[in-house]
Amino acid sequence: MPNGPDLVIIGGGPAGLTAGIYACRARLQTVLLEKTSPGGQVLVTDYVENYPGFPDKVSGYALIDQMVAQAKRFGLSIENGEVASVAPRQDKGVIELGLAGGKTLSPRSVIVATGASPNQLGVPGEKELTGKGVSYCAVCDGPFFRDQEVAVVGGGDSAVQEALFLTKIVKKVYLIHRRDELRAIKLLQERALSEPKIQPVWNSVVEKINGSDQVESLSLLNRETGEHSSLSVQGVFIFVGIQPNTSFLKNLLKTDERGFIITDEWMRTSVQGIFAAGDCRAKPLRQISTAVGDGACAAFAVEHMLNGY
Amino acid sequence: MANDNVMHVSDAEFDSQILQSDIPALVDFWAAWCGPCRAIAPVIEELAGQYQGKVKIAKMNVDENPVTPGKYGIRAIPTLIIFKNGTVVEQITGAVGKAMIESALQKAL
Ligand SMILES: Cc1cc2nc3c(=O)[nH]c(=O)nc-3n(C[C@H](O)[C@H](O)[C@H](O)COP(=O)(O)OP(=O)(O)OC[C@H]3O[C@@H](n4cnc5c(N)ncnc54)[C@H](O)[C@@H]3O)c2cc1C
């Protein structure tokens, strides 16, 4: 494609959609590529309570529908496509994008807004039993465990929030955390610790997930006492942090040791013409509100670069 | 976007429509409450158009049809299962990209 768009945004989560709104309003010819359909991690969230403007909380779906409608209103073109390779062509002043399936695009600038995916525990049984009791999405899979006993692994905001969501469905939630106190914000801690259906299992790590065809139990190690034990559950929901969806960049951009893309305040990466926004970026807080801020700023920076301000 | 190429299959029709199908079949197990299911729905519709006559592409609502998901031990959605001559040849969990589903379909053809 000789005359590529001004800007391609990779990923249709809150960061990408916001960048789309700002870019279209700046009259940049913009294409957003999304490998499934827009929404990103917001679609695995039950309700969002901390995004301003929704005092009565808002469902993940509803929030994304609104963002998509807003972006489309300003003419954002959202296409289905998974970017598999990125190659800057400084000589031609474009960035060459290779899509899974073989198509290519050569925009003048790129915003990487590919977000993040859940970390795995990396223990035996996890891969084999994924979809068979091992889950990374309580909203998707919780209803299969009605009136059963499940475990949630993790102690951060996501783990605690999802454990609370699961109490609406299941009989009991064991909240397994490697330390003796939660890392989640205080409000969520208070709710979890006063919820009778949640039983914390402190100082413990999962060593193995057991079951022949479905999850049957977890092998636990208490890090304080060194004691091994077995916990019988039908499901285990894992929320132990996230990893950036940046492997398709194959070390093109400077990242931190975990693969999160390093940018400056303008969301500029180490390669001219390539910007990054949202959860894929190295930053202290990964939330919808910060993804939205990054997206706006990245589009603004692209506009400045292309117009030579 | 409504698409006539995607059929909705129920527990009662599963055997005749999917297991007895003379071409490979892909079944998307989904539910209304599942965000990622919604995210891949347009991809499934596109594939149904593309593979018309080559692969039967169907959706099964797990709330309305408890028997089949139980039989295949489905405890996560979206789950995509590709059947060939009545047996499972591929099972994909979660909202994956179109390219990954296509490569699984190519293998089944
Ligand atoms: C369980 C859970 C609960 C949460 N609860 C809250 C909350 O209550 N409040 C809050 O503010 N935040 C919450 N978050 C965090 C919030 O969802 C994220 O910070 C936010 O979604 C990040 O937005 P993003 O646009 O950077 O990335 P994402 O939302 O991850 O979106 C990235 C998009 O890029 C697409 N993509 C990836 N790779 C490619 C590729 N190669 N080509 C094309 N497309 C690609 C993906 O399909 C995805 O749609 C929660 C997260 C989780 C997991």
Side-chain angles (χ1 to χ4, degrees), chain A residues 12-13 33-46 59-65 78-84 99-103 117-118 127 129-146 148 150 169 211-215 234-237 245 248, chain B residues 1 3 6 27-51 59-82 88 90-106:
Chain A
L33 293 174
E34 166 54 55
K35 69 171 182 174
T36 63
S37 60
Q41 294 167 77
V42 182
L43 293 181
V44 305
T45 318
D46 180 25
S59 81
Y61 288 1
L63 185 58
I64 284 298
D65 280 352
I78 300 178
E79 291 176 14
N80 185 268
E82 178 172 357
V83 176
L99 274 55
K103 273 202 275 182
S117 301
K127 267 215 175 72
L129 292 166
T130 291
K132 299 182 165 152
V134 174
S135 171
Y136 305 89
C137 176
V139 200
C140 314
D141 307 335
F144 290 101
F145 301 88
R146 191 163 296 283
Q148 302 185 355
V150 301
I169 302 167
S212 47
D213 197 37
Q214 299 275 321
V215 169
Q234 278 91 55
V236 53
F237 292 82
N245 298 325
F248 71 102
Chain B
M1 206 175 43
N3 188 313
V6 185
V27 184
D28 168 17
F29 294 89
W30 70 286
W33 35 259
C34 154
C37 296
R38 251 176 45 139
I40 63 162
V43 174
I44 300 297
E45 281 169 13
E46 251 183 68
L47 289 169
Q50 250 172 277
Y51 284 82
K59 295 176 72 132
M60 179 177 267
N61 183 316
V62 300
D63 279 340
E64 290 160 10
N65 302 286
V67 178
T68 313
K71 185 173 153 201
Y72 291 97
I74 292 173
R75 297 202 121 192
I77 51 172
T79 285
L80 308 176
I81 302 186
I82 302 174
V88 176
E90 185 86 51
Q91 181 158 346
I92 302 172
T93 305
V96 301
K98 187 177 171 192
M100 184 167 163
I101 306 174
E102 280 209 81
S103 75
L105 285 177
Q106 292 297 345

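Atom set for the values below is all heavy atoms of this structure, side chains included, hydrogens, waters and symmetry mates excluded. Computed from a predicted structure; not experimentally measured.
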### From CD1 (B:I74) to CG (A:D141), nearest 0.5 Å
11.0 Å

### Task
Report yes if the side chains of B:R38 and A:T36 come closer than 4.5 Å at any heavy-atom pair, otherwise no.
no

### Summary
Between B:V62 and A:F144 the two heavy atoms that sit nearest each other are CG2-CZ, 4.1 Å

### Message
Using side-chain heavy atoms (C-beta onward) and a distance below 4.5 Å, is A:N80 in contact with B:P42?
### Response
no

### Message
Under 4.5 Å from any heavy atom of chain B, what part of A:E34 do you find: side chain, backbone, both or neither?
### Response
neither

### Summary
Heaviest contributor of heavy-atom pairs below 4.5 Å to chain B, chosen from A:Q214, A:K132, A:E82, is A:Q214

### Task
Answer with side chain, backbone, both or neither: which region of B:V96 has an atom nearer than 4.5 Å to a non-hydrogen atom of chain A?
backbone

### Query
Would you call A:D213-B:R75 a salt bridge at under 4.0 Å N-O?
no

### Task
Name the member of B:I77, B:V43, B:T93 that forms the most heavy-atom pairs with chain A at distances under 4.5 Å.
B:I77

### Message
Donor-acceptor check, side chain of A:Y61 to backbone of B:C34, threshold 3.5 angstrom: yes or no?
### Response
yes

### Task
Name the member of B:A95, B:A99, B:P36 that forms the most heavy-atom pairs with chain A at distances under 4.5 Å.
B:P36

### Query
Any idea which of A:S135, A:S37, A:G235, A:A84 has the most non-hydrogen atom pairs under 4.5 angstrom with chain B?
A:S37

